[in-house]
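The structure under discussion appears below in the form of structure tokens.
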Amino acid sequence: MSELYIRVAEDESEEPMEIPSEDDGTVLLSSVAAQFPGACGLRYRNPESQCMRGVRLVEGVLHAPENDWGSLVYVVNYPKDNKRKMEEIDAASAVKVKRGFQKTSDLIVLGLPWKTSEQDLKDYFSTFGEVIMVQVKRDAKNGNSKGFGFVRFTDYETQTKVIAQRHMIDGRWCDCKLPNSRMCPDEPMRSRKIFVGRCTEDMTPDDLRQYFMQYGEVTDVFIPKPFRAFAFVTFADDQVAQALCGEDLIIKGVSVHISNAEPKHNNIHQLFPNFPGGSASLAAMFDRSRYQFPSSHV
DNA sequence: GTTGAGCGTT
């Protein structure tokens with residue numbers, strides 16, 4: 001009974017791949033998903049009826065029909081629509097639960113001439129796309145420009161385009177960047193990892209993997225031990241992760257809350273490996289920095 | 001009344 005493999009393919013016409021079964025004869029959905037990312041189940045053609053038939057799936061475990069997998073070729077089920085492949089599923093999920101996805105954020109404009117006004121900025125940036133707001137930062141007392149400002153666009157595409165190039169404004173080259181002042185902003189961070197809050201102790205890593213699979217390929221699940229009522233789930237695609245942020249989802253009958261996984265900072269060398277000067281200068285740099293990390297959960 | 005890498009009074 002050991003070393004049993006079942007034959008699985010994406011389509012009946014495709015060459016099957018052998019997937020290992022467990023000692024008790026069942027096959028883990030995660031074993032299938034390891035070869036077919038995004039898979040959510042299996043089906044097969046019943047030799048008698050010639051109809052496709054679903055394989056029983058309980059808590060992430062696939063059970064052999066009639067207790068025997070036989071030599072049939074099992075076909076992978078994908079979420080929502082059997083015929084679609086992962087990329088399309090990712091895109092569809094991202095659009096469906098769209099949130100914070102491709103939202104624009106303020107851009108800092110560096111290097112402005114002292115004379116440039118907000119109207120000048122608006123006139124210039126409007127040539128790229130619709131402008132929501134512009135600001136020129138000025139000295140409170142004399143009203144002199146500090147030589148930088150902010151701009152926000154309606155469309156994310158415009159923002160991307162503007163960041164990608166230098167800008168000649170009133171005779172000076174200027175740069176547009178994402179500001180680093182926002183640590184838990186309404187945009188970027190573009191993490192592929194989500195924070196799953198309000199977890200219960202009976203949720204296993206496999207439970208979470210099985211559940212989140214429906215949204216896209218899951219690359220990692222982390223549940224801190226001892227139990228701390230939260231978990232981290234990492235997707236292959238940041239858009240899937242971002243799209244889920246803010247959602248309340250029901251897992252094993254429990255409402256969990258999804259938010260952005262904040263970067264861990266317990267080891268600054270994870271962020272800057274091989275920093276010149278060693279740990280002392282790196283730590284000193286961070287102490288001096290205005291840059292504040294949010295509290296970490298790890 | 002200056003300046004030229006940066007990071008946002010309300």
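Just so it is clear, the structure is predicted and the values come from calculations on it, not from any experiment. Only heavy atoms go into these numbers, but all of them, side chains included; no hydrogens, no water, no symmetry mates. So you know, we letter chains A, B, ... as the sequences are listed, proteins then strands, and number each from 1.
- Atoms NZ (K146(A)) and P (dA5(B)) sit 17 Å apart, rounded to a whole Å.
- For the pair L107(A) and P179(A), the tightest heavy-atom approach, listed with the atom from each and the gap, is CA-CD, 4.2 Å.
- Going from atom CD of Q135(A) over to atom P of dT10(B) covers 10 Å, rounded to whole Å.
- Remark: G111(A), L112(A), P113(A), W114(A) in residues 111-122 of chain A come within less than 4.0 Å of DNA chain B through at least one heavy atom.
- Of all the heavy atoms in E59(A) and K252(A), the pair that sits closest is OE1-CE, 3.7 Å.
- dG8(B) atom C1' lies 4 Å from atom CZ of F150(A), rounded to whole Å.
- Minimum atom distance to the side chain of K177(A) is reached by dC7(B), of the listed dG8(B), dC7(B), dT9(B).
- With respect to the salt-bridge test (charged N to carboxylate O, under 4.0 angstrom), the residues D237(A) and R192(A) do not qualify.
- One finds the CG atom of L42(A) at 6.5 Å from the CG atom of N77(A) (value rounded to the nearest 0.5 Å).
- Between S145(A) and W114(A), the shortest heavy-atom contact is CB-O, 3.3 Å.
- To the nearest angstrom, C1' of dG8(B) lies 11 Å from CG of L110(A).
- Separating the CZ atom of R166(A) from the P atom of dA5(B) is a distance of 11 Å, rounded to the nearest angstrom.
- In plain terms, the two heavy atoms of E22(A) and S31(A) that are nearest each other are OE2-OG, 4.2 Å.
- Listed by residue number, K137(A) are the residues of residues 137-144 of chain A with a heavy-atom contact under 4.0 Å to DNA chain B.
- Of the candidates dG4(B), dG8(B), dT9(B), dG4(B) carries the atom nearest the R172(A) side chain, counting heavy atoms from C-beta on.
- Here F148(A) does not pack flat against the base of dG6(B), since the 5.5 angstrom centre distance and 30 degree tilt limits are not both met.
- Counting to the nearest Å, the P atom of dC7(B) and the CG atom of L178(A) are 15 Å from each other.
- Closest of all the heavy-atom pairs between A33(A) and M213(A) is CB-CE, 3.4 Å.
- Scanning both residues, K146(A) and D139(A), for their nearest heavy atoms gives CG-N, 4.0 Å.
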Review point. Checking side chain to side chain donor-acceptor pair (under 3.5 Å) for the pair D206(A)/T204(A): CA distance, chi angles, key distance, verdict?
Key: CA-CA 5 Å; D206(A) 206 46; T204(A) 67; 5.6 Å; no

